[in-house]
Each structure stands twice: as structure tokens, then as C-alpha cells.
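Here is the naming used below: chain letters follow the sequence lines, and residue numbers restart at 1 for every chain. Remember, predicted model here, so these are calculated numbers, not experimental data.
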Protein chains: 2
Amino acid sequence: MIKHELSTEEIIKDAAKKVFLEKGFGNTTTRDIAEHASSNIALVNYYFRSKEKLFQEIFRECFADTFAPIARILNDDLPLEAKIYKFVDQMIELLKSDPMLPMFVFSEMRGENSKIGSLMAEMHPKENRFLLQLEEEAAKGNIRKTNFDQIELSLMSMVIFPFISMNMIKMKQNLTTEEFYRFMDERKKAIPEMILTYLRHRG
Amino acid sequence: MIKHELSTEEIIKDAAKKVFLEKGFGNTTTRDIAEHASSNIALVNYYFRSKEKLFQEIFRECFADTFAPIARILNDDLPLEAKIYKFVDQMIELLKSDPMLPMFVFSEMRGENSKIGSLMAEMHPKENRFLLQLEEEAAKGNIRKTNFDQIELSLMSMVIFPFISMNMIKMKQNLTTEEFYRFMDERKKAIPEMILTYLRHRG
DNA sequence: AAATATTTTAAACAAATGTTTAAATTTTTT
DNA sequence: AAAAAATTTAAACATTTGTTTAAAATATTT
């Protein structure tokens, strides 16, 4: 197994991501980051100019890591059922591999979103094949007619929220991280089943 | 209309809640709070001893404001369908009146939850009538058998997550706050319908 | 009304924090 | 090998920030 040697810059960036995701911008100090990188504060600024710039770079990546897969899968050319199963499966795998990601992204976006603004514009203007697809299926009479924005939001909620409330769930249900992940794996079936059962039984 | 005169202590606490909820502990300064209260930093510490103590007091209240209604309604003595409708309705009304509440509570609970720990213990050990009720209905054959922890989590997710991602939703769908709240009101029907449709169509 | 307690203000302090400087070390280029 | 460039280190700097002090103003009690 070839171990790719990480540059100092990469080490610092990885450390920064770890600390920012764990504690958020406001609770993170430059010294925190330097220590986690076994480095020093001067090097952090040498490579990234400032805490703010370093944060922006990491936030931008995390934002993309979160929303790019969503857009990609929802715009896939797949039948509805397969798409929903794939979406839930892949998102849960992603979030298991980076469980702090959504809490970080959404918490840094609160308050009259100073930090973002631009990111949204670059990211999301692409058309939404998923909503179109739902409309088509409804037109064909395969699923019920309803406000599909609500369906999409519920899908996102059921996938993402458990990771946002991970600590609460783990404490309430007394779960180890492993057990929590198994609980999430169960959702790969439970969520699509709920969505599809609802869609297929017209009101 | 009688205008109850607020004490300095109350003014400062209200200001602190506003700022903490908007920016989180780490991004809030004592001076922030003092300014929002049209007061000064010495008074903040005069009444609350420290930023940390003031925060703890507010977090404790917010934690209760979030989870007490959940426990109360889910333990209500109501038939399943009525309970689910009531739960969604009341939670959405609560969150509309305090939309930053869940983001605040969950974001301050992340990382190996230093600040909480104790709160969980005081709060949640009460039995969960909702899960028992689901088991009963399943035993009677009225709803499908499944892991009801997943149902409960999905219910929470669909109610709470939209407020956590409020800014994202407002930007993506170009909504004013009023429009966003109308979108949330729609969920008072959409969410119970989805849950109940799923439960009533056994697999 | 005098004495006492409480509240408020302005200023100061100490520690923490983001950033920079300048020298030392290492790496790369000539 | 010498020169130049890039990286690393330790220290210092300037702000910001949480907290405290001491005096002034106000309210309460005697």
C-alpha cells in the first residue's frame, strides 16, 4: 500500500477541517488548528493568509461535498423508484463517512447568511430533474398528485436530520457509533418505502 | 394594553437569547449582548456572573422549550391519528414562533457534548407512550409491524429539519419568511398523511 | 432625613486570539 | 558548491474579549 506523503499545507487543511467541523468557526482558534496539525500558528497563516480565508476554503468544499451529490443523483437518468433508493443509499453512505458535515454546513449558514450568498448562486441554478420526474409520473397516473416540493423536503429531512441530531439520538437510545450507523443503514429501506408507499396510494 | 415593564435582568437575558440563537456561543461576545440590551458589559456579568453561566441558563431553557412539548404531546392520551396530527401542528406552530430554536439547540450539542450530558438525564428518562401505542396498534393489526424508532425519527425529521435548513430553502425556492411559513403550514397535512399512509399499508 | 443597599457607569486588567516579523533551516535552482 | 527560493520556527504585536474594580447614581430601609 503506497502511503502518499501529505504536504504541510494539506496537513493543516485537514486539521482545520476536522476542528471546524467539530466546533464551528466561532469556537475554533488558529492555535487549535496548528496543534491538531502538529504545526504552529505562523504556518497556518503562511499557507492560508488568515483564519477567515482558511475557513472559506473549507466551507466551500464542504458545501459542495454536501450538495453536489444530491444534485447529481436527483438529476440521474433513472426510474423513480431506483432513483430514490439510490439517493438514500448514497447519501447515507456519504454521511456515515462524514457525519459532522451537515451540522457544519447548515450551522454556518444560519443568521442572515453573510458567509454564503454567492455559493448558492453558483451551485443550485441547475434544473431539478427529480421534480419534473415526479410531475411526469403523476401525469401518467402512476403516483398521486401533490406538492412535490414537500416530498423532496421530506426525503432530505429523513436522510439528513438523523445526522444533525446524532448525539441526541445516541444518548436517547444508548447507541454506540457502530449501532447508530446500523440504525442509519436500516433507513436505506425504511425511507424509500415510506415515500413510495405514500406516492402510490393516491388520496 | 398593559405593558409589563421589563427588568434590566430580563432585558439582558432576552438580548442574550436573541444573539446566542442567531450566532451561537462561539460567535457571540459579551459586548454584543450588552449592545443589544442597550446596556453595558459590566451589567451582564453583574446579573449573570459570566458569559458561560448566562449561556447555560439560556441553553437549558431552549432545550426544555424544544423537548418538553415533544414529550408532552407524544405522551398525550389520544388516538394515534389525532396524536400525530396534533404533534405536527403544535410543533410547527412552536417552530414558526421560534425558528432558530432547533438549529441553536442541536448545534450547541455537537462534539462530545461537553455542555449537556446532565440535561439529557433530567429530561428524557420518561417512558415513551408513543412507541408503546404504535406497538399496540401493530398488535391489533391496525398498522404494519416495523421498527417504530424509525417512524418516530422520520416524524421528527420531517417537522424539525425544514427549520434547520430554513435559509437554504428560502434561497433555493426564493421564498420570503411569510411564504416559507405557509410552506410549513402545508406540512401540517402532508407529514401526517405520509406517516399514516405508510403505517396503514402493511408490507 | 440619614443610612444602607442596590443598580449603573466608566475604566482598567489580564488572558486569549488573529496576525506579523525576522531570523533560522531546508530545499531547490543555477 | 554557491546562490536563491521556499519553508519553518520562535517571538512579538495589536486587538478583541471576558472579567473585575471602584466610584457614582439610584432606590430602599431605618
Do A:Arg49 and A:Glu57 meet the salt-bridge criterion of a basic N to acidic O distance under 4.0 Å?
no
Rounded to whole Å, please give me the gap between CZ in B:Phe25 and P in D:dT17.
13 Å
Please report the distance, rounded to the nearest Å, between CG in A:Asn40 and C1' in D:dA10.
8 Å
Nearest whole angstrom, please: distance from the P of D:dT15 to the NZ of A:Lys51.
18 Å
From CD of A:Glu10 across to P of D:dT7 the rounded distance in Å is 13 Å
Interatomic distance, B:Ile12 CD1 vs C:dT8 P [rounded to whole Å]
8 Å
Candidate nucleotides D:dT21, D:dT8, C:dT17, ranked by approach to the side chain of B:Ala42 - the nearest
D:dT21
Base, sugar-phosphate alone, or nothing: which one does B:Thr28 contact when heavy atoms must sit under 4.0 Å apart?
sugar-phosphate
What is the distance from CG of B:Asn45 to P of C:dT7, rounded to the nearest Å?
15 Å
We want to know whether B:Gln133 and B:Glu137 form a side-chain donor-acceptor pair, criterion being a heavy-atom distance below 3.5 angstrom.
no
Does a side-chain N or O from B:Thr30 land closer than 4.0 Å to OP1 or OP2 of D:dT17, or not?
no
Residue A:Arg31, side-chain atoms from C-beta onward, closest of D:dA12, C:dT8, D:dT8:
D:dA12
What is the distance, to the nearest angstrom, from the OH atom on B:Tyr46 to the P atom on C:dT9?
12 Å
Could you state the CD1-P distance from A:Ile41 to D:dC13, rounded to the nearest angstrom?
14 Å
Measure from NZ or CZ of A:Lys51 to the centre of the six-membered ring of A:Phe25 and say whether it is under 6.0 Å with the direction within 45° of the ring axis.
yes
Once the angle between the rings of B:Phe55 and B:Phe59 is folded into 0 to 90°, is it parallel (under 30°), tilted (30 to 60°) or perpendicular (over 60°)?
parallel
Does B:Thr8 make a side-chain N or O approach to OP1 or OP2 of C:dT8 shorter than 4.0 Å?
yes
Taking OP1 and OP2 of D:dA6, is either one under 4.0 Å from a side-chain nitrogen or oxygen of A:Tyr47?
no
Counting heavy atoms from C-beta on, name the nucleotide in D:dT9, C:dT8, D:dT19 closest to the side chain of A:Leu43.
D:dT9
So, are A:Lys13 and A:Glu10 salt-bridged, with charged N and O less than 4.0 Å apart?
no
Looking across every strand, which nucleic acid part, if any, lies under 4.0 Å from A:Ser39 by heavy atom: base, sugar-phosphate, or nothing?
nothing
